[in-house]
Amino acid sequence: MEFTQVVENRYSCKNFSGRKVEAEKLQVILEAGRVAPTAKNLQEQRVYVVQSEEGLKKIDAVTPCRYGAPTCLVVAFDKNHVFTYPGEKRDSGVEDASIVATHMMLAAANAGVDSCWLNFFDPDKAAKELGLPENEEVLMILDLGYAAEGVGPLPNHASRKPLEETVVYC
Ligand SMILES: Cc1cc2nc3c(=O)[nH]c(=O)nc-3n(C[C@H](O)[C@H](O)[C@H](O)COP(=O)(O)O)c2cc1C
């Protein structure tokens with residue numbers, strides 16, 4: 001798909017059918033995350049592919065927002081392997097994991113796979129439920145699958161501020 005079409009067509013799917021994500025498409029999505037840029041090329045992201053019944057139950061235990069998706073990618077990062085920026089107020093963990101997640105979300109859209117970015121969960125509870133190592137923090141969960149019949153973008157998908165409100169030329 002043409003890139004502008006990919007970013008315009010992507011929307012947050014909040015009702016998935018039972019159709020599974022093909023292994024080849026999943027591989028393409030994961031690969032898009034692999035090539036994402038990270039600060040100092042640290043690649044501190046960890047991506048957990050959750051597809052088993054048992055794993056999906058764990059997702060359901062921490063968030064109501066799986067919406068029936070047959071695959072969830074839990075994107076975490078290694079807190080002990082981040083780059084701390086000058087000023088020491090921030091580090092690269094959240095940022096790098098977000099870029100990886102965004103790459104995968106857009107790759108999914110390009111492959112015709114619907115998705116929803118989730119943050120409505122307690123990251124500590126999610127890490128515990130999934131049995132992640134102490135040094136890893138969960139950044140987000142990406143629901144992946146195919147929209148149920150008749151489901152499309154919510155009305156707010158089309159509601160974006162005009163550029164003049166968010167962009168300043170200096
Ligand atoms: C950082 C972030 C966190 C989000 N968390 C959730 C969530 O936990 N549950 C949910 O249903 N949607 C979640 N969304 C989806 C947003 O509600 C959605 O992106 C927004 O309303 C715009 O709709 P659109 O993606 O269809 O354009 C999240 C999106 C982002 C970017």
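We count ligands from 1, going down the list as the structure has it; atoms in each ligand are counted the same way. In this chain, residues are counted from 1 in sequence order.
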Polar pairs, ligand 1 vs protein, N/O only, below 3.5 Å.
from	atom 1	to	atom 2	distance (Å)
ligand 1	5 (N)	Trp117	O	3.2
ligand 1	5 (N)	Asn119	N	3.2
ligand 1	8 (O)	Asn119	N	3.0
ligand 1	8 (O)	Phe120	N	2.8
ligand 1	11 (O)	Lys14	NZ	2.9
ligand 1	11 (O)	Tyr67	OH	2.5
ligand 1	12 (N)	Lys14	NZ	3.0
ligand 1	14 (N)	Trp117	O	3.0
ligand 1	17 (O)	Lys14	NZ	3.3
ligand 1	19 (O)	Ser12	OG	3.0
ligand 1	21 (O)	Asn156	ND2	3.2
ligand 1	25 (O)	Arg10	NH1	3.0
ligand 1	25 (O)	Arg10	NH2	3.0
ligand 1	25 (O)	Ser12	N	3.4
ligand 1	25 (O)	Ser12	OG	2.6
ligand 1	26 (O)	Ser12	N	2.9
ligand 1	26 (O)	His157	ND1	3.2
ligand 1	27 (O)	Arg10	NH2	3.3
ligand 1	27 (O)	His157	ND1	2.6
ligand 1	27 (O)	Arg160	NH2	2.8

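- Looking at every heavy atom in both residues, Val100 comes nearest to Val47 through CG1-CG2, 4.3 Å.
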Please set out all donor-acceptor pairs under 3.5 angstrom arising from side-chain atoms of residues 61-77, sequence neighbours excluded.
from	atom 1	to	atom 2	distance (Å)
Thr63	OG1	Cys65	N	3.1
Thr63	OG1	Phe120	O	3.0
Arg66	NE	Asp60	OD1	2.8
Arg66	NE	Asp60	OD2	3.3
Arg66	NH1	Ala69	O	2.7
Arg66	NH2	Asp60	OD2	2.8
Thr71	OG1	Gln51	NE2	2.9

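- Within the structure, salt bridge (Lys or Arg N to Asp or Glu O under 4.0 Å) pairs that include any residue of residues 15-34 comprise Arg19-Glu22, Glu31-Arg34 (at least two apart or interchain).
- Under the side-chain hydrogen bond (donor to acceptor under 3.5 Å, both in side chains) criterion, Gln27 pairs with no residue, sequence neighbours left out.
- Of the possible polar contacts, none joining the Asp78 side chain to the Glu136 backbone as a donor-acceptor pair under 3.5 Å is found.
- A side-chain donor-acceptor contact under 3.5 Å links Ser17 to the backbone of Tyr146.
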